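Have a look at the structure below before the remarks.
Residue numbers start from 1 in every chain, and the chains themselves are labelled A, B, ... in the order their sequence lines are given, proteins ahead of strands. All values below come from the heavy atoms of this structure, side chains included, with hydrogens, waters and symmetry mates left out. Quick caveat, the model's predicted, so the values are computed rather than measured.
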Amino acid sequence: MNTALSMTVPSVGRRTWITTLIFTAIVVVLPFFISGYQRTLLQKGLLWIPSVFGVYILYSLLRQVHFGQSIFIGLGSYITAFMAGKYSVTNELMILLPLALVVSIVVAYVLGIFIMKRTGFYFAVMGIAVTMVFWSLVYKARTITGGSDGISHIKNPSLFTVPLSDMGLYYFCLIVSVGIIVLMLRVLNSSFSLQLRAIAGDLEKAESIGIPVKRMQRLAFTIAGANAGITGVLLAFSYNYVSPSVFEWGYGANFVQSAIIGGVTSFAGPVVGAFGFINLEFFISTWFANLWEIIIGLTIAIIVVTVGEKGVTGIVQTLFSKIRCK
Amino acid sequence: MAQTIINVVPEGTPPVGHIFESQQMLSTFLSYIFNALPMVSYIIMLSFSLNFILYISGRVSLTFAGIYLVGAYVTVSVGTYFLGQNFSLLSFIAILLAVGLLGAAISIVVYATFERFLKTDVHRMIATSSLLMVFSGIIKIQWGTTPVTYSAPFLKMGISEVLGNIVPNYYFFMFGFSLILMLALAYFLFRTAWGLRFRATSLDGDRTMAQVCGVNQNIVTAITFAISGMLAAIAGGLYAPIAGASYGIEGNALLLAALTIIVGGVGSIGGAVLTAFIIGIARVITAVEMPLFELAIPFIIASAVLVVRPYGIWGKEFKH
Amino acid sequence: MLEIKDLTVFYGTEKAVRELSMKVSGEVVCLCGRNGAGKSTVLRAVAGIVHVDSGQILLDGKDVIPIPLHKRLESGIGYVPEDRKLFKEMTVRENIEVAKIGVKASGRKEMNIDELLPELASLYNRKSKLLSGGQQKLVSIARAIATSPNVLLFDEVLEGLARSMMIKISEIVTKIKAEGKDILCAESSLDKAGMYADRIIWLEKGQIVATGSPAEIKKQISDSIRAR
Amino acid sequence: MSNNEQKPLLITADKLRKYYGEVKPVNDISLEIAQGQVLTLVGANGAGKTTLLNLLTGLIRPDRGEIRLLGEKITGVPPDQRAKRGIVKTFQLEHVFDDMTVFDNVRTACFSSAGKHYSLFKDIEDENEINERTGALIELFDLTGVRDAFVRNLGHGYKKVIDIAMCFAMKPKILLVDEPTSGVGEEEKYKIMDLLMNQIEANNLAAIIVEHDLHLVKELSKETIVMCDGEFIARGTPDHVFSQEKVIEILVGKGF
């Protein structure tokens, strides 16, 4: 990659943890001051964060564009829809979450073998292709999945057999999201991420100092998938409804776009990106009705042309450092 | 998503005994090929639209899928408005060519005002895939989200019977049209002075040495984008009478084009045509035999190829 | 006549060529030196491939630095790159054609490729990737001289060739000189440079340290090794 | 050479061959290196030096012949495994991780050599052992001043040293050094060479050093091999080798 365009990943320091704490405090308190609808928006934003973090890891560490996050969201969602909706097996989160986790890890690892065969354009395309395959399978297998009608009437979840209220679900989502953020921050600050960055920086040298390139790439892909699988379960419960549209490639692209809006030169990027994207989507579609795709598309195109992958947080950072210099 | 109208395989005569079995199998196989023709020509043109830019200028540009979308809608609207049910082949071809010019214009404008400022492949992929949202947003405002159709050319061209298979003439027209376009492109690349310049700057040539030899890189890249846009728009126009135009078809276009490159390799016209046949026929067969896997089959083929030959069946290893 | 005045080229933060001045007129001048001495960089600067940071490159008194890369051949500078760099998928004829189509060789005396490089006549329709190393080198030379530029740059033109091929190519270089062209070459090996060069310029760290005939330079360098 | 016989043979290459069409960069070369033996390798451009090193590290596969490390056959072992087992190479054009600090560059190699590829949740700052080792290496290679600088902002000299430091982080048994001083200024050249030779000696490593500067070769090494067209044509002490007319003839004539 061109050195002039190179970007750096900051290390997780005390400031990051404090910011995380402040962020958590805000989202804990916020539901008491906002309407129920705004709370669902907030909940959706929270649930997006882990998936965007998956994209973020692959982008900022490995420099790969991961269009396939929707595969794992879809898997998690449909597992939930089957278990808690259609076949009414269980609505116990403590069973569903581990199940979704295991399924997405297995699927991600197997897919990783194929998808990670080549990087760059090919990786991105294979990501899109796999989502489309899942989309078509779900769409066509009408008898099992309900086809384009999807599956509705998913039971409300229960936690350790205690049924969760809407507010309870919000806080559970919050705990899961923040938990994953904390885990991801740890991953980003581990030797694993250091070595991934080495692979992206110079594959030949990475190999020559004994880094098992292929296996580490696959593991990164699996981590991203696992994140999305977990959020898939909770997203299904949040909407009470699942349709094949979760497997659409455009949905997967939204996570990439969120990451770009937020920026990948800061850990706050995925958080800002997830909330930014969802709120933009909401406000633009209420105020400008049909224009929302055009506005979002152009925004991202302009961001990429002007500041590359730095995104909003990158711009803010540069502004701050300029002010500080003065 | 494109709802391909697959001509159901003719019910055929009931089994008449062993003597006719092989003939019937041949007939069934031919029917697969005939039914695959629209998909094949669609894939050839779209994949080469993406492939051409990738091969000549080494850039990844997904804008072609948006242009395809525009091509499909414009053909439907213009066709319905001007021709309606009065179909004439010449005016339909004129519409297609006009749509092609429109696509070329869009492609050049997007390149000159936007894509040329993108610096890495990763940026290009993200920015152009976001542009697809802009395209589909514009389509949504202009035409709404309900599919529109313009099937006059398909219906008016009639059918022919080939070896016991009833095939719409439009299938042959579509295939012929795209084949002529590809042959023209091949002629341009391999027989003309300008084609020589293109091949010199391509991944098979050497960009710097081409410039040393007096080739103006900017003009070549601009024309490359124009040709790509033209192919994509005409693909949209040609496929519209069969599949109609609906909101969100660009995803499938993008995917099939990209998978064809994975299988066929970068920069090979022959590879693109053969891959289009493989994928098209495989899709028709699965659509009839195992409809569940119809959309999955191109991906399965591509994965298999990636494992066996990471650079495509006819592909060479390029570092770009 | 090619004249280079105070040429400086940066490679990243380091200077690859430092204020180098030299003149080529009606002779074969060869730049020699160790790896990284800046030989190729000088040639690439004249050809227009690398960015010149300061200095002048004068072709018959006219500065060529503002001329864009794709116009350099037209203005009379032909370049034969280090490792052939042919258009692999094209035939020999097409390779030469590329240089011919875009360039109006106004007022230059046409060079007869068939006479200079008779070996190529039988290969015209063969794909260049199927040729042997020496044949590829010939095509690369033919491509550069097809439009009869006034100055020719040969970058390590004898590298990686069999002895007989080296002799053949040095003869060709001499013939091209006889057509009245100025030739600037780079070779890492004094032996090879001695096969065709009239004058050798020894470079170290982007600067000229010695100039002279091949034999003189060779003696100077051998002595310095023994002295160590 | 006599004292080498007491030391165990570290690496043996038997009749290695690699052809690229007509070009024969490595033509049936056999090589034995004992522990602590330092060789310099000189030769013209295209004599096959880099190809030979790449065969040893496993970046390319030989057409024929086999390589043994401590008696164990490693001909088919991939490069990352060989690096773990102790065959480490520096690159001619410096390969470093541009987007990381100097400390992180060296630390990456330390983690890799410790086999900690998959410790996902442990903070790198808490890995005291590794950090100490990295710190020690940074000090050893005189990089303390640029410890937290981003590598892409540094000059070639520094990048070379970082490259070498990363190789030492791998705890090598044999070090293959490809032109440690190419593209580096005169003063830095000696500094890099001094650092390198001191470390090789201190760790009693075996090494093959490809070097163009004959002056340095004469000063620094006890044993030199001259390579030409894929074969060894002379071997011995530098003084002995460079007094041979044919060697001078080849080196001056073909370039070096």
Side-chain angles (χ1 to χ4, degrees), chain A residues 1-14 16-17 57 60-63 179-180 182-220 222-224 226-227 264-265 309, chain D residues 54 57-59 78-91 93-101 103-127 130-131 148 150-153 162-163 165-172 176:
Chain A
M1 187 143 302
N2 196 332
T3 44
L5 299 158
S6 57
M7 54 191 192
T8 51
V9 182
S11 62
V12 182
R14 181 186 281 167
T16 323
W17 293 116
I57 286 180
S60 73
L61 303 180
L62 272 178
R63 308 277 159 81
I180 290 179
V182 170
L183 278 182
M184 285 306 111
L185 288 180
R186 295 212 69 124
V187 169
L188 282 165
N189 215 22
S190 70
S191 65
F192 171 70
S193 98
L194 199 64
Q195 288 170 75
L196 285 186
R197 280 161 62 196
I199 293 171
D202 190 326
L203 204 137
E204 222 180 348
K205 179 71 185 172
E207 208 171 35
S208 86
I209 56 169
I211 297 175
V213 172
K214 280 281 163 220
R215 272 153 82 189
M216 299 200 76
Q217 284 176 332
R218 250 176 255 157
L219 182 57
T222 309
I223 290 174
N227 279 354
V264 294
T265 47
E309 53 273 288
Chain D
N54 283 342
T57 53
L59 272 179
D80 60 310
Q81 294 293 328
R82 288 196 203 188
K84 284 260 175 69
R85 294 198 198 173
I87 305 180
V88 186
K89 182 193 162 207
T90 72
F91 290 82
L93 303 166
E94 66 276 344
H95 282 234
V96 282
F97 308 126
D98 269 340
D99 284 352
M100 296 190 213
T101 63
F103 191 75
D104 279 350
N105 263 274
V106 180
R107 184 150 65 170
T108 311
C110 288
F111 274 116
S112 175
S113 105
K116 296 199 173 182
H117 302 297
Y118 309 111
S119 58
L120 286 177
F121 301 116
K122 191 154 184 203
D123 196 318
I124 28 178
E125 302 301 333
D126 296 343
E127 304 257 12
I130 304 270
N131 288 329
D148 294 317
F150 279 97
V151 171
R152 81 172 98 87
N153 303 327
I162 295 163
D163 196 341
M166 278 199 264
C167 292
F168 273 96
M170 290 303 295
K171 298 177 183 159
L176 311 173

Verify, without hydrogens or angle tests, whether D:N131 (side chain) and D:I124 (backbone) share a donor-acceptor contact under 3.5 angstrom. yes
Can you tell which part of D:L59 gets under 4.5 Å to a heavy atom of chain A, answering side chain, backbone, both or neither? side chain
Expected output: side-chain A:S190 to main-chain A:V187 donor-acceptor under 3.5 Å: yes
Tell me whether D:T101 contacts the main-chain N or O of D:D148 through its side chain, where contact means a donor paired with an acceptor under 3.5 Å. no
Heavy-atom contact with chain D under 4.5 Å, split by part of A:L219: side chain
Segment of D:T57 engaging chain A (4.5 angstrom heavy-atom cut-off): neither
So what's closer than 4.5 Å to chain D heavy atoms on A:I223: side chain, backbone, both or neither? side chain
Per-residue contact mode, D:R107 against chain A (heavy atom under 4.5 angstrom): both
Test side-chain hydrogen bond (donor to acceptor under 3.5 Å, both in side chains) on D:K89 and D:N54 and set out the steps. CA-CA 8 Å; D:K89 182 193 162 207; D:N54 283 342; 2.7 Å; yes
So, D:S113 side chain and D:A169 main chain: donor-acceptor pair closer than 3.5 Å or not? yes
Leading residue by heavy atom contact count with chain D [cutoff under 4.5 Å; candidates A:S208, A:P212, A:A206]: A:P212
Side chain to side chain contact (heavy atoms under 4.5 Å, CB included) evaluation trace for D:Y118 with A:M216: CA-CA 8 Å; D:Y118 309 111; A:M216 299 200 76; 4.2 Å; yes
Heavy-atom proximity to chain A below 4.5 Å, by part of D:F91: side chain
Identify which of D:M170, D:E127, D:H117 forms the greatest number of heavy-atom pairs closer than 4.5 Å to chain A. D:H117
Given a strict heavy-atom distance threshold of 4.5 Å, which part of D:D126 is in contact with chain A: side chain, backbone, both, or neither? side chain
Note: A:R63-D:D99 ion pair, threshold 4.0 Å (strictly below): yes
